[in-house]
Peer 1: 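Can you read through this structure? Questions will come right after.
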Amino acid sequence: MFYRIQASSFMKYLALLLLVSFQLTAQTKNLKKHIGYLASDKLEGRGTGTPAETKAGDYIIGQFEKIGLKPLGENGNYRQLFAAKKGIPPNITQVNANNILGWIDNGKTESIIIGAHYDHLGMGDQGSSLMANSNGQVHNGADDNASGVAGMIELARFYAKNKVIENYNFIFLAFSGEELGLMGSKYLLDNATFDLKNINCMVNLDMIGRYRDDKGVSIGGIGTSKFWEANASKLASEMNIKHTLDSAGIGPSDHTSFYLKDIPVLFLFTGAHQEYHKPSDDANLINYEGEALLLDYIKKMIEKLNNSPKIDFKKTSNPHSAATKSTFKVTMGVIPDYSFDGVGLRLDGASEGRPGQKAGLKAGDIITKIGEHDIKDVYGYMAALGKFEKGQTVPVIVNRKGEILTLSLTF
């Protein structure tokens with residue numbers, strides 16, 4: 001009798017393991033399918049307001065319909081139309097773009113939002129490419145941000161199919177116009193198709209496809225709620241997820257728009273890389289198993305939210321704010337390592353033909369001073385950029401594997 005009970009328990013445990021393994025395999029397969037399509041050449045980089053971006057929107061809506069999400073856009077549809085300005089001065093044009101909204105109605109008063117932007121740089125004609133002479137080349141944006149959209153779709157699938165009625169509704173959002181300055185999320189928050197007072201929190205997935213064991217994931221928005229402060233790092237450690245923390249509610253992605261409406265935000269980001277904002281950001285470079293791990297993290301966090309009343313909102317000191325208000329006349333053309341939590345600005349790379357690369361900056365370099373300005377972190381770097389003029393030459397102090405170098409950089 002004792003043996004038979006133990007055998008029965010073992011078989012249940014084995015069945016559970018097989019089920020979890022099957023779910024993870026299916027999820028990874030779906031992530032590959034979504035990213036493979038959204039980052040394919042035929043979608044021409046999903047430039048804001050382009051026919052190709054409309055095709056990407058059609059794909060997302062098709063997935064929402066298959067999953068069974070209800071439309072939450074305008075006039076009973078999934079889309080919310082807004083006007084966006086794009087181009088490089090003086091050639092600015094206005095285009096029509098769409099946010100895409102779907103939801104799971106669990107009959108509750110409050111909702112959890114999971115969002116990701118689906119626009120990218122199109123054919124390199126929007127002014128944000130980090131590759132010289134790239135106009136006319138497809139910027140596929142596999143990591144930025146097909147990875148986040150794919151993750152959002154798979155979380156929607158999970159919560160629609162898990163046969164559990166959680167204590168919150170779920171709203172799933174795909175934003176356009178993020179690459180033009182958070183245009184879609186700003187418009188949505190000013191013209192919401194749902195009651196903002198009933199939003200518990202917003203989870204933003206932006207560039208979650210390059211999880212690396214040496215750098216892990218940056219978890220942002222921690223300071224916007226005591227709940228995140230108590231649970232975010234603890235849960236990541238329990239799951240053996242390497243991570244860094246950012247307390248700010250304001251940052252370079254759509255969660256900023258929600259924070260400015262006093263909504264707690266959580267922002268996952270696996271960091272910039274050599275392919276960031278270049279045509280080479282392709283689907284074959286995505287770490288699909290790493291992304292699946294981060295989706296599991298979100299699921300476990302939502303389990304904790306499900307057992308909690310509506311969480312508190314906190315204002316943060318937002319070191320980003322000074323930088324986001326700065327206007328830059330110059331650029332160094334470097335890619336910051338946003339996961340670095342030491343003193344200085346560590347680089348993930350320097351774009352070819354830009355001032356940083358010409359000065360000799362390399363991946364792994366830690367910038368500690370530019371001209372007269374000490375650089376303690378990425379925010380100090382961004383603030384310092386506003387102090388320089390085009391054509392100006394300044395010394396740049398760099399720590400390169402323990403060796404202190406002084407490079408001469410011309411903006």
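Please read these numbers as outputs of a predicted model, since none were measured by experiment.
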Peer 1: Do Asp365 and Arg400 meet the salt-bridge criterion of a basic N to acidic O distance under 4.0 Å?
Peer 2: yes

Peer 1: Above 12 or not: heavy atoms from other molecules or residues under 6.0 Å from NZ of Lys33?
Peer 2: yes

Peer 1: Within a reach of under 6.0 Å around NZ of Lys310, are more than 12 heavy atoms found that belong to other residues, nucleotides or ligands?
Peer 2: yes

Peer 1: Taking the six-membered ring for Trp, are His34 and Tyr288 closer than 6.0 Å centroid to centroid?
Peer 2: no

Peer 1: When you check the side-chain N and O atoms of His117 and Ser176, is any donor under 3.5 Å from an acceptor?
Peer 2: no

Peer 1: Please find out if less than 6.0 Å separates the ring center of Tyr59 from that of Tyr37.
Peer 2: yes

Peer 1: I'd like to know if Asp214 pairs up with Lys242 as an ion pair, taking the criterion as any Lys NZ or Arg NE/NH1/NH2 lying under 4.0 Å from an Asp or Glu carboxylate oxygen.
Peer 2: no

Peer 1: Could you tell me if Asn140 and Asp282 have a donor-acceptor pair between their side chains, going purely by distance under 3.5 Å?
Peer 2: yes

Peer 1: For Lys387, does the NZ atom sit with more than 12 other heavy atoms under 6.0 Å from it, leaving out its own atoms?
Peer 2: no

Peer 1: Looking at Lys376, I want to see if its NZ is surrounded by more than 12 non-hydrogen atoms of other residues, nucleotides or ligands under 6.0 Å.
Peer 2: no

Peer 1: Return yes when atom CG of Asn307 has more than 12 non-hydrogen atoms of other residues, nucleotides or ligands closer than 6.0 Å, and no otherwise.
Peer 2: yes

Peer 1: Out of His120, Glu179, His139, which one pairs with His277 under the side chain to side chain donor-acceptor pair (under 3.5 Å) rule?
Peer 2: Glu179

Peer 1: Counting only heavy atoms not in Asn75 (residues, nucleotides, ligands), do more than 12 fall under 6.0 Å from its CG?
Peer 2: no

Peer 1: If we count only N and O atoms by modelled type, under 3.5 Å, do the side chains of Asn30 and Glu154 hold a donor and an acceptor together?
Peer 2: yes

